[in-house]
Amino acid sequence: MSSTQTTLADMVTAIASGDIRVIDLSQTLGPDTPVIMLPPEIGKNSPPLSIERISHFDDDGPAWYWNVLTLGEHTGTHFDAPNHWISGKDYADGGTDTIPADRFIGPACVIDCSSETAADPDFLLTADHVQKWEKEHGEIPAGAWVLMRTDWSKRTNGDEFLNADENGPHSPGPRLDAVEYLARERGVLGFGVETVGTDAGQAGMFEPPFPCHTIMHGANKFGLASLTNLDALPPKGAVVIAAPLKIINGSGSPVRVLALVPGH
Ligand code: 23J
Ligand code: MN
């Protein structure tokens, strides 16, 4: 066997034995899944997911059960493609159907912001914070998923998850300098979060607005939103697989995100 064949064979053996564990980073997707709520003055909103039954072992289909889904591309645990944002709209490989499949797999760097976020729901991750992580764990490699752990996924109540008041939503996210550093100095694959979108709740009022979407997608990078179980990942050493549906010219899609981690 070639060494690559050995690597793959070892991998499936290790998954079967539990030496490599598979951690599901996806939330269950349903009609109650929280969807981002944009102020109507800035744009139209995405509806919640709805499920319509076609048949359930009945007159409409005696031996089969199936449903029709109606949902936005950016619902629940989902992937943001570069063409989702005006800054990334012209990449020939920037849609869900044109992104090369090898870009759906990458090493993960997990930055734990859970204590900061517990103290301040509007906490912003800075470039300085990222560099402190690098001093401890080593340089973020090119092509890495950078995942911001906030424990926000533990807010299982939709109102607490969106956390809006009269001034809009309050949830953590990255500051402009952090996303510039990750996209330009580190060449990451993308940025993933536990919150409803990759930008902070208040980011519509930042300059530029929605810096994570603007900078990451402008650099042909991806986003992952509404992740869970980031507290089960090591700071480095996990491999993340996040492959969106191959929607024609899609701007994103719900996705089953898997992390492979050392089991012992
Ligand atoms: C549309 C407009 C603003 C934002 C978003 C979508 C998302 O967060 C998203 O799901 O990509 S901030
Ligand atoms: Mn999105």
Side-chain angles (χ1 to χ4, degrees), residues 25-27 29 33-49 69-89 91 94-97 99 103-104 121-125 145-148 150 152-153 155 158 161-164 167-176 178-179 182-183 188-228 230 240 242-247 249-257:
L25 305 187
S26 318
Q27 302 268 8
L29 183 60
T33 296
V35 176
I36 194 166
M37 286 210 291
L38 301 170
E41 357 20 301
I42 77 161
K44 225 167 131 172
N45 273 297
S46 180
L49 174 144
L69 304 185
T70 304
L71 78 173
E73 291 172 325
H74 298 256
T75 306
T77 303
H78 74 271
F79 184 100
D80 289 347
N83 72 351
H84 175 44
W85 219 254
I86 189 164
S87 53
K89 69 185 177 58
Y91 289 109
T96 49
D97 56 337
I99 297 167
R103 299 192 72 207
F104 298 143
D122 292 308
F123 170 75
L124 299 177
L125 174 70
W145 276 113
V146 175
L147 307 179
M148 181 179 178
T150 57
W152 211 256
S153 57
R155 295 181 174 229
F161 182 77
L162 296 175
N163 200 34
N167 299 315
H170 296 276
S171 56
R175 206 171 71 178
L176 175 65
V179 286
L182 293 172
V188 300
L189 197 54
F191 190 75
V193 299
E194 294 180 51
T195 46
V196 73
T198 56
D199 267 297
Q202 292 288 300
M205 277 145 1
F206 294 176
E207 193 43 53
F210 305 112
C212 188
H213 286 78
T214 302
I215 300 302
M216 282 286 158
H217 302 326
N220 203 11
K221 314 289 184 201
F222 312 142
L224 286 174
S226 297
L227 295 169
T228 189
L230 295 189
V240 164
L245 297 179
K246 202 167 183 174
I247 300 165
N249 199 28
S251 74
S253 108
V255 65
R256 193 72 179 255
V257 184

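First listed ligand is number 1; within each ligand, the first listed atom is number 1.
- Here the shortest heavy-atom pairing between C212 and V179 reads SG-CG1, 3.8 Å.
- Take the Mn ion (ligand 2) as the corner point: the lines to ND1 of H74 and to OD1 of D80 open at 90°, to the nearest 10 degrees.
- For atom 2 (C) of ligand 1, the closest non-hydrogen atom on the protein side is L38 CD1, 3.6 Å.
- Atoms of ligand 1 lying under 4.0 Å from at least one heavy atom of H74, given by number and element, are 9 (C), 10 (O), 11 (O).
- Heavy-atom minimum distance, N220 versus R103: O-NH2, 3.1 Å.
- The heavy-atom pair separating L224 from V255 by the smallest distance is CD2-CG1, 4.1 Å.
- When non-hydrogen atoms are compared, ligand 1 lies under 4.0 Å from the side chain of W85 (C-beta onward) but not from its backbone.
- For a distance bound of 2.8 Å, the N, O or S atoms of H78 include one lying that close to the Mn ion (ligand 2).
- Considering I36, V193, V35 only, the shortest heavy-atom separation from atom 8 (O) of ligand 1 involves I36.
- No more than 12 heavy atoms of other residues, nucleotides or ligands sit less than 6.0 Å from atom CD1 of I86.
- No hydrogens or angles considered: a donor-acceptor pair under 3.5 Å links the side chains of H170 and D122.
- Not one N or O of D199 is nearer than 3.5 Å to an N or O of ligand 1, by distance alone.
- In the candidate list H213, H217, K44, H84, H84 is nearest to atom 6 (C) of ligand 1, counting heavy atoms.
- For ligand 1 and F210, the ligand atoms under 4.0 Å from any heavy atom of the residue are 12 (S).
- Listed by number with element, the atoms of ligand 1 under 4.0 Å from a non-hydrogen atom of G197 are 8 (O).
- The two residues F104 and P244 come nearest to each other via the heavy atoms CE2-CD, 3.3 Å.
- For atom 10 (O) of ligand 1, the nearest protein heavy atom (residue, atom name, distance) is H78 NE2, 3.1 Å.
- Closest heavy-atom contact between T195 and F161: C-CZ, 3.8 Å.
- Within the 4.5 Å cutoff, side-chain heavy atoms of D80 are placed close to those of H78.
- Of the polar atoms of T198, none of the N or O atoms is found under 3.5 Å from an N or O of ligand 1, judged by distance alone.
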